[in-house]
Engineer: 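Structure incoming, see below.
Since we're looking at a predicted model, the values are computed, not measured.
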Amino acid sequence: MASSEILTRIQNEYEVVRTKHAQERDERIRRAYEKAPRLEELKRLMNLTGAKASLAALKEPEKAERISAELKRRIRLLEEERQRVMRQNNIDPDFDKLTYDCPLCSDTGYTPDSKRCSCFRRKLVEALYSYSNLGGLLKRQNFDNFDLNMYSDTIKPDGKTSVREYMGNVRDMCRRFCDNFDSETRGFLFYGNSGLGKTFLSSCIAKELMDRGRSVVYAKATRLFSVYEDMRFGRISPSDARPLTDSVYEADLLIIDDLGTESITKNTTAFLFDIINERAMNSRKMIISTNHSPEELTGIYSYRFTSRVYEYFYPIHFIGDSSEDIRVKQIKG
Ligand SMILES: [Zn+2]
């Protein structure tokens, strides 16, 4: 699902809510009129009085002022009676008014000055989060919580830049990717040992983009390809697999985590190629994270795969030291 489809779905939700409230009001009116038929009559009289007065004012414009004053007087009398009837019958004075889930936008998603209502943003973010499979993870993993102190500032793999500085640059690059998401032509290949923050930074990007209203899908390679295999062998129906398989092609950003841990067959490789090609053709970006180096990926998938990767991805090497496993540091507190 692209974010535009999520927007349409939210608009439909608003429509359902508005219809529900309109039906509820109609039902309240029906019951009120059944209980106190005079109310319906009074409503009719008020409308009639107004219409008559407009007509009279058109015929005799010179008397418009007097007619209007008389109209006000009559409407007031009718309204007073209406209030009395409602009180006597214990009927809520607002029975014929529409109610709203969100009074700010009257359940349209837009405020009177044509701005997106806060409830719209809330619905959008909720929809995007649940669509992404990332829900819980994102509460902790976002740019604000990406702690560079997890990385050594003394170890300098190239003799000049410390691991911490290097990872700071990687983080900034990820931020820029979010800022320029529409104009970016490539995604990221995050590679390096596990525990160095690949999944964490993928989640940061996911959260940032979803908060900006883009759809993101996160899939562990093992799960993605096992669903695909299950479908191919008829173990699950294509319609059951569709929410995942469709989203893989259509999300604004697709994250495949831990590529190379799935069981690799000719078919899963073809599926992977298809995803990358199809998405690239539609200018949809991806993030792939893997513990394998690009050279190892060539061995696993083929040279053709790696050349595609260089075409559509920025390869980012996550570095550290065996003692610099940030996951271990985090657990230690
Ligand atoms: Zn609202």
Side-chain angles (χ1 to χ4, degrees), residues 3 128 132-134 137-138 141-146 148 150-151 157 161 163-212 214-221 224 247-262 272-273 275-298 300-301 304-320 326-327:
S3 50
L128 291 169
S132 73
N133 310 322
L134 270 165
L137 216 56
L138 293 175
Q141 305 193 338
N142 56 66
F143 281 121
D144 294 334
N145 296 335
F146 185 69
L148 284 173
M150 298 292 176
Y151 300 96
T161 318
V163 171
R164 188 179 298 172
E165 281 173 299
Y166 175 84
M167 288 310 295
N169 293 337
V170 169
R171 181 201 56 193
D172 294 345
M173 203 170 162
C174 293
R175 276 209 152 122
R176 279 198 300 277
F177 175 77
C178 297
D179 290 339
N180 307 323
F181 187 66
D182 289 321
S183 55
E184 276 292 354
T185 53
R186 295 184 196 195
F188 288 122
L189 174 78
F190 289 161
Y191 69 98
N193 292 336
S194 57
L196 293 175
K198 298 190 299 293
T199 304
F200 199 108
L201 268 180
S202 306
S203 305
C204 296
I205 293 174
K207 182 176 163 52
E208 189 66 33
L209 289 175
M210 285 192 279
D211 287 347
R212 297 177 188 202
R214 314 310 297 253
S215 59
V216 177
V217 160
Y218 171 91
K220 275 233 177 262
L224 175 63
S247 66
V248 157
Y249 290 101
E250 292 166 5
D252 295 332
L253 177 74
L254 169 67
I255 300 171
I256 300 183
D257 200 12
D258 258 344
L259 189 77
T261 53
E262 75 280 11
L272 176 62
F273 265 83
I275 294 170
I276 294 177
N277 287 333
E278 184 75 19
R279 290 190 59 90
M281 229 162 57
N282 294 302
S283 308
R284 293 190 176 127
K285 279 146 299 245
M286 293 176 68
I287 295 175
I288 290 179
S289 80
T290 177
N291 292 354
H292 298 287
S293 67
E295 297 72 41
E296 286 168 340
L297 290 175
T298 306
I300 296 170
Y301 297 102
R304 210 171 115 231
F305 173 79
T306 333
S307 72
R308 275 282 184 293
V309 162
Y310 282 115
E311 196 175 342
Y312 300 126
F313 296 77
Y314 297 111
I316 306 276
H317 189 190
F318 279 60
I319 54 171
I326 63 163
R327 260 197 322 216

Engineer: Looking at CD1 of Ile205 and SG of Cys178, how far apart are the two atoms once the value is rounded to the nearest 0.5 Å?
Structural biologist: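 Output value for this atom pair is 5.0 Å.
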Engineer: Salt bridge (charged side-chain N to carboxylate O under 4.0 Å, His left out) with Arg279: which residues, sequence neighbours excluded?
Structural biologist: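 Arg279 satisfies salt bridge (charged side-chain N to carboxylate O under 4.0 Å, His left out) with no other residue.
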Engineer: Of the non-hydrogen atoms in Ser215 and Ala251, which two are nearest, and what is the gap between them?
Structural biologist: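 Closest approach of Ser215 to Ala251, heavy atoms only: OG-CA, 3.6 Å.
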Engineer: Distance from Ile300 atom CD1 to Leu259 atom CG, nearest 0.5 Å?
Structural biologist: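 With rounding to 0.5 Å, CD1 (Ile300) is 7.5 Å from CG (Leu259).
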Engineer: Could you pull out the closest heavy-atom pair between Pro294 and Tyr191, with the gap in Å?
Structural biologist: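 Reported closest heavy-atom pair: CD-CE1, 3.4 Å.
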Engineer: Which is it for Phe318 and Met167 under the side chain to side chain contact (heavy atoms under 4.5 Å, CB included) test, yes or no, and what are the steps along the way?
Structural biologist: CA-CA 8 Å; Phe318 279 60; Met167 288 310 295; 3.5 Å; yes
Engineer: So how far is it from Leu297 CG to Ile288 CD1, rounded to the nearest 0.5 Å?
Structural biologist: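 Answer rounded to 0.5 Å: 8.5 Å.
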Engineer: Locate the shortest heavy-atom distance separating His292 from Gly260; write the atom from each residue and the value.
Structural biologist: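 Closest approach of His292 to Gly260: NE2-O, 3.7 Å.
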Engineer: Between Tyr301 and Val309, is the side chain to side chain contact (heavy atoms under 4.5 Å, CB included) condition met? List the steps.
Structural biologist: CA-CA 11 Å; Tyr301 297 102; Val309 162; over 6 Å; no
Engineer: I'd like to know if Asp182 and Arg214 make a salt bridge, using a cut-off of under 4.0 Å between side-chain N and carboxylate O.
Structural biologist: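 Judged by the 4.0 Å cut-off on N to carboxylate O distance, Asp182 and Arg214 do form a salt bridge.
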Engineer: Please check this pair: side chain of Tyr312 against backbone of Asn277, looking for a donor-acceptor N/O pair closer than 3.5 Å.
Structural biologist: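 Answer holds: no.
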Engineer: For side chain to side chain contact (heavy atoms under 4.5 Å, CB included), just list the numbers for Leu201 and Cys204, CA-CA rounded to whole Å, side-chain angles, deciding distance to a tenth of an Å, and then say yes or no.
Structural biologist: CA-CA 5 Å; Leu201 268 180; Cys204 296; 4.1 Å; yes
Engineer: Could you report the tightest heavy-atom contact between Ser202 and Ile287, atom names first, then the distance?
Structural biologist: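 Ser202 and Ile287 have their closest heavy atoms at OG-CG2, 3.9 Å.
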Engineer: Could you report the tightest heavy-atom contact between Phe313 and Phe188, atom names first, then the distance?
Structural biologist: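 Nearest heavy atoms, Phe313 then Phe188: CD2-O, 3.2 Å.
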Engineer: Report the C-alpha separation of Met286 and Ile275 in whole Å, then their side-chain angles, then the decisive distance to 0.1 Å, and conclude whether the side chain to side chain contact (heavy atoms under 4.5 Å, CB included) test is met.
Structural biologist: CA-CA 10 Å; Met286 293 176 68; Ile275 294 170; 4.1 Å; yes
Engineer: Per the salt bridge (charged side-chain N to carboxylate O under 4.0 Å, His left out) rule, what does the pair list look like for residues 183-201, sequence neighbours excluded?
Structural biologist: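 Applying salt bridge (charged side-chain N to carboxylate O under 4.0 Å, His left out) to every pair that reaches into residues 183-201, excluding sequence neighbours, yields nothing.
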Engineer: If we ignore hydrogens and angles and just use 3.5 Å, is the side chain of Arg284 paired with the main-chain N or O of Tyr249 as donor and acceptor?
Structural biologist: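 At least one qualifying donor-acceptor pair exists.
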Engineer: Less than 4.5 Å apart, any side-chain heavy atom of Ile276 and any of Phe305?
Structural biologist: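 Ile276 reaches Phe305 side chain to side chain.
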Engineer: Side chain to side chain contact (heavy atoms under 4.5 Å, CB included) with Tyr218: which of Thr199, Leu254, Leu253?
Structural biologist: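 Among the candidates, only Thr199 passes.
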Engineer: As a test of understanding, state which of Asp144, Leu148, Asn142 forms a side chain to side chain contact (heavy atoms under 4.5 Å, CB included) with Phe146.
Structural biologist: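 Single side chain to side chain contact (heavy atoms under 4.5 Å, CB included) partner of Phe146 among Asp144, Leu148, Asn142: Leu148.
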Engineer: Between Phe177 and Phe181, what is the ring plane arrangement, given parallel below 30°, perpendicular above 60°, and tilted in between?
Structural biologist: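 Taking Phe181 first and then Phe177, their aromatic rings stand perpendicular (interplane angle over 60°).
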Engineer: Check for a donor-acceptor pair, side chain of Asp257 on one end and backbone N or O of Lys220 on the other, with a separation under 3.5 Å.
Structural biologist: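 No: the side chain of Asp257 does not pair with the backbone of Lys220.
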Engineer: What distance do Asp179 atom CG and Asp172 atom CG have between them, rounded to the nearest 0.5 Å?
Structural biologist: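 One gets 10.5 Å once the value is rounded to the nearest 0.5 Å.
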Engineer: Sub-3.5 Å donor-acceptor pair from the side chain of Thr290 to the main-chain atoms of Asp258, do we have one?
Structural biologist: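 No; zero donor-acceptor contacts below 3.5 Å.
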Engineer: Return the CG to CD1 distance between Leu189 and Ile256, rounded to the nearest 0.5 Å.
Structural biologist: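 The CD1 atom of Ile256 is 11.0 Å from CG of Leu189, to the nearest 0.5 Å.
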Engineer: Could you grab the distance from atom CG of Asn193 to atom CD1 of Ile319, nearest 0.5 Å is fine?
Structural biologist: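 Reported to 0.5 Å precision, the distance equals 11.0 Å.
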Engineer: For Glu262, which residues count as a salt bridge (charged side-chain N to carboxylate O under 4.0 Å, His left out) partner, sequence neighbours excluded?
Structural biologist: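 So Glu262 forms no salt bridge (charged side-chain N to carboxylate O under 4.0 Å, His left out) with any residue.
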Engineer: Might you point out which heavy atoms bring Val216 and Met210 nearest each other, and give the distance in Å?
Structural biologist: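 So the two residues come closest at CG2-CG, 3.7 Å.
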